[in-house]
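Comments concern the structure below.
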Amino acid sequence: MSDLQNYFKNIREQFPQLKQQINGHPLTYLDSTNTTLKPQTVIDRITRFYTMENSNVHRGGYTLSQTTTQAFEDTRKKVAAFLGAEPEEIVYVRGTTEGVNFIAQTAALAFLKPGDEIMITELEHHANIVPWQLVAEQRNLVLKVCKIHDDGSIDENDFKKNLSNKTKIVSFTACSNVLGNYTPVAKLSALAHEVGAMVVIDGAQLVAQKQIRVKDLGADFFVFSSHKLFGPTGIGFVYGRKDLLEKMPPYHGGGSMISKVTFAKTTYNDIPHRFEAGTPHIEGVIGFNEALTFVSKIDFTKLREWEMHLHDLIMKGLKAIPEVIVYGTKDNKAPIISFNLKGAHNSDVAQILDEQGVEVRAGHHCAQPLMERLGVPGTIRVSLSVYNDEADVERFLKALGKAKEILL
């Protein structure tokens, strides 16, 4: 374990935010499922862009613009390689939420007709619920919801039961942002494909946990956000199968997405630029390129071992507190833990933790239907990443002990 400690100690030192104190205590950041901290290299890359390279993309023949455009498109190639896809299959969006909205609106126009069915699951984040509700209302589609078991795993029998020749889109998370449960993505995708449905995968939490190959997952579409993987906020990525993207109409209108504009008719650019109207989040794209360079240097086997070592230490500590209830007890999960302290409100617990420099998230985590399924208004969530260590675990458990003393 000492080798692992040293390996991740060196990584931790690359995150300047962890050098500060919160309320007079060392910062213990345990909310990486919400957003990850940024390594110094990503911060420096964004600073360099604004200091020396600032210009627009796809709009100028001068040196700065050409250089920035090259970096912008190089990132597309890098994201494609990260996912095992082709560059023209990568669409820039603002994040996972816009990515799902983009797919819902454009795929519905291209492929769905009134009466067709879409299926999601009880595990989903609001970003993978509301866009489908909107398009179902707009286009008279039927939205079905697959059930989960008490441990948070997908009810595969119910999944199969909801599939039919009317099912055109199945959209589900690869990893629950609340419980950390992995879903059997390849298996569920294969079942959906058997009835001719397209598969949309919310990969927002999976990308920081496992190396991704979208074709192995059976994804027709795969969506994730930069900020979940050490990159800037406000930029995300949609992988879409080339043959499907080519049939989908534009999502927004404006500059860059056109081929020719006249008052009589507009013709559109090739994919993926057809879907990218207006000046994009250039610094976000370039910053994420640097984040991918950072990620490429991480040994994911070591990462899994270290994060689950810390996860197990936390679970051991939680189990020693009789008043703690843990939700999502499935094995083989991400280092995400949701729990409550009996008799205490989740936000009160989180506030006392914050007073001691321990940052966790409390609430419904943008998953209110899942909270209803669990029978609670919200939970306290702890999530781990590459920069966490055993000292973080110790400070968290000590702070939780103090919260128990104060609240119970």
Side-chain angles (χ1 to χ4, degrees), residues 15 17-18 20 22-23 25-38 95-97 123-129 152 173 175-181 202 204-209 224-231 233-234 307 310-311 313-315 317-318 321 324-329 333-342 344-388 392-393 395-404 406-407:
F15 290 85
Q17 194 167 342
L18 293 171
Q20 67 181 304
I22 300 293
N23 298 320
H25 299 273
L27 170 60
T28 301
Y29 188 79
L30 298 173
D31 195 22
S32 293
T33 296
N34 190 354
T35 192
T36 52
L37 304 181
K38 317 309 172 194
T96 302
T97 299
L123 275 181
E124 305 309 316
H125 187 284
H126 295 164
N128 202 32
I129 300 173
T173 183
C175 176
S176 168
N177 73 301
V178 176
L179 306 176
N181 291 356
D202 171 2
Q205 301 303 329
L206 190 67
V207 289
Q209 306 298 329
F224 74 101
S225 300
S226 158
H227 74 102
K228 307 289 189 180
L229 198 64
F230 315 110
T233 55
E307 287 184 338
L310 299 178
H311 170 278
L313 288 177
I314 291 174
M315 286 298 299
L318 292 177
I321 304 173
V324 165
I325 306 171
V326 177
Y327 306 95
T329 55
K333 61 192 290 290
I336 300 169
I337 302 168
S338 274
F339 71 97
N340 275 321
L341 197 59
K342 292 180 186 177
H345 195 279
N346 57 79
S347 63
D348 292 337
V349 176
Q351 182 177 351
I352 293 172
L353 295 184
D354 174 59
E355 290 171 357
Q356 299 168 82
V358 178
E359 314 292 44
V360 299
R361 185 171 175 185
H364 55 65
H365 314 298
C366 296
Q368 288 178 310
L370 177 56
M371 293 298 120
E372 184 176 351
R373 170 65 177 81
L374 297 174
V376 295
T379 69
I380 305 150
R381 186 186 65 195
V382 172
S383 52
L384 301 160
S385 190
V386 295
Y387 34 69
N388 291 120
D392 289 334
V393 175
R395 287 192 291 265
F396 161 70
L397 292 173
K398 182 179 178 181
L400 183 62
K402 184 172 182 179
K404 176 189 168 184
I406 294 172
L407 296 171

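Worth knowing before you read on, the calculation uses all heavy atoms, side chains too, and leaves out hydrogens, waters and symmetry mates. None of the values given here were measured: they were computed from a predicted structure.
Of the possible donor and acceptor atoms, none in the side chain of Asn128 sits under 3.5 Å from a partner among the backbone N and O of His125. The backbone N or O of Thr96 sits nowhere less than 3.5 Å from a side-chain atom of Asp202 that would complete a donor-acceptor pair. A donor-acceptor pair under 3.5 Å is formed between the side chain of Ser338 and the backbone N or O of Val178. Using modelled atom types, one side-chain atom of His365 and one backbone atom of Thr379 make a donor-acceptor pair closer than 3.5 Å.
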As a quick check of understanding, evaluate side chain to side chain contact (heavy atoms under 4.5 Å, CB included) for Leu400 and Leu318, giving each step before the final call. CA-CA 9 Å; Leu400 183 62; Leu318 292 177; 3.5 Å; yes

For Asn340 and Val324, run side chain to side chain contact (heavy atoms under 4.5 Å, CB included): C-alpha distance rounded to whole Å, both residues' side-chain angles, the deciding distance at 0.1 Å, then the answer. CA-CA 6 Å; Asn340 275 321; Val324 165; over 6 Å; no

Residue pair Val382, Ile336: steps toward the side chain to side chain contact (heavy atoms under 4.5 Å, CB included) verdict: CA-CA 6 Å; Val382 172; Ile336 300 169; over 6 Å; no

Candidate pair Asp392 and Tyr387, rule side chain to side chain contact (heavy atoms under 4.5 Å, CB included), full reasoning: CA-CA 10 Å; Asp392 289 334; Tyr387 34 69; 6.0 Å; no

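Taking all atoms of both residues into account, the shortest heavy-atom contact from Gln209 to Pro335 is OE1-CD, 3.1 Å. When all heavy atoms of Asn346 and Gly363 are compared, the closest pair comes out as OD1-N, 3.2 Å. Closest of all the heavy-atom pairs between Ser32 and Ser383 is N-OG, 3.0 Å. For the residue pair Lys228 and Ala204, the shortest heavy atom distance occurs at CB-O, 3.4 Å. Looking at every heavy atom in both residues, Thr36 comes nearest to Gly231 through OG1-N, 4.5 Å. The two residues Lys404 and Leu341 have their closest heavy-atom pair at CA-CD2, 3.9 Å.
Atom CG of Leu229 is separated from atom NZ of Lys38 by 9.0 Å, given to the nearest 0.5 angstrom. Taking CG of Leu18 as the start and OG1 of Thr28 as the end, the distance is 9.0 Å to the nearest 0.5 Å. Distance check: Glu307 CD to Asn388 CG gives 8.0 Å after rounding to the nearest 0.5 Å. The CZ atom of Phe396 sits 7.0 Å away from atom CD1 of Ile337, with the distance rounded to the nearest 0.5 Å. For the atom pair OH of Tyr327 and CZ of Arg373, the computed distance is 12.5 Å after rounding to the nearest 0.5 Å.
Residues Phe230 and Ser385 form a side-chain contact, since some pair of their non-hydrogen atoms from C-beta on lies under 4.5 Å apart.
The aromatic rings of His126 and His364 lie tilted to each other, with the angle between the two planes from 30° to 60°.
A side-chain hydrogen bond (donor to acceptor under 3.5 Å, both in side chains) with Arg381 is found for exactly one of Thr33, Asp31, Asn34, namely Asp31.
Scanning for side-chain hydrogen bond (donor to acceptor under 3.5 Å, both in side chains) contacts around Gln205 gives an empty result, with sequence neighbours left out.
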Let me have the donor-acceptor pairs involving side chains of residues 350-359, under 3.5 Å, with sequence neighbours excluded, atom names and distances please.
| unit_1 | atom_1 | unit_2 | atom_2 | d |
| --- | --- | --- | --- | --- |
| Gln356 | NE2 | Ile352 | O | 3.1 |
| Gln356 | NE2 | Ala399 | O | 3.4 |

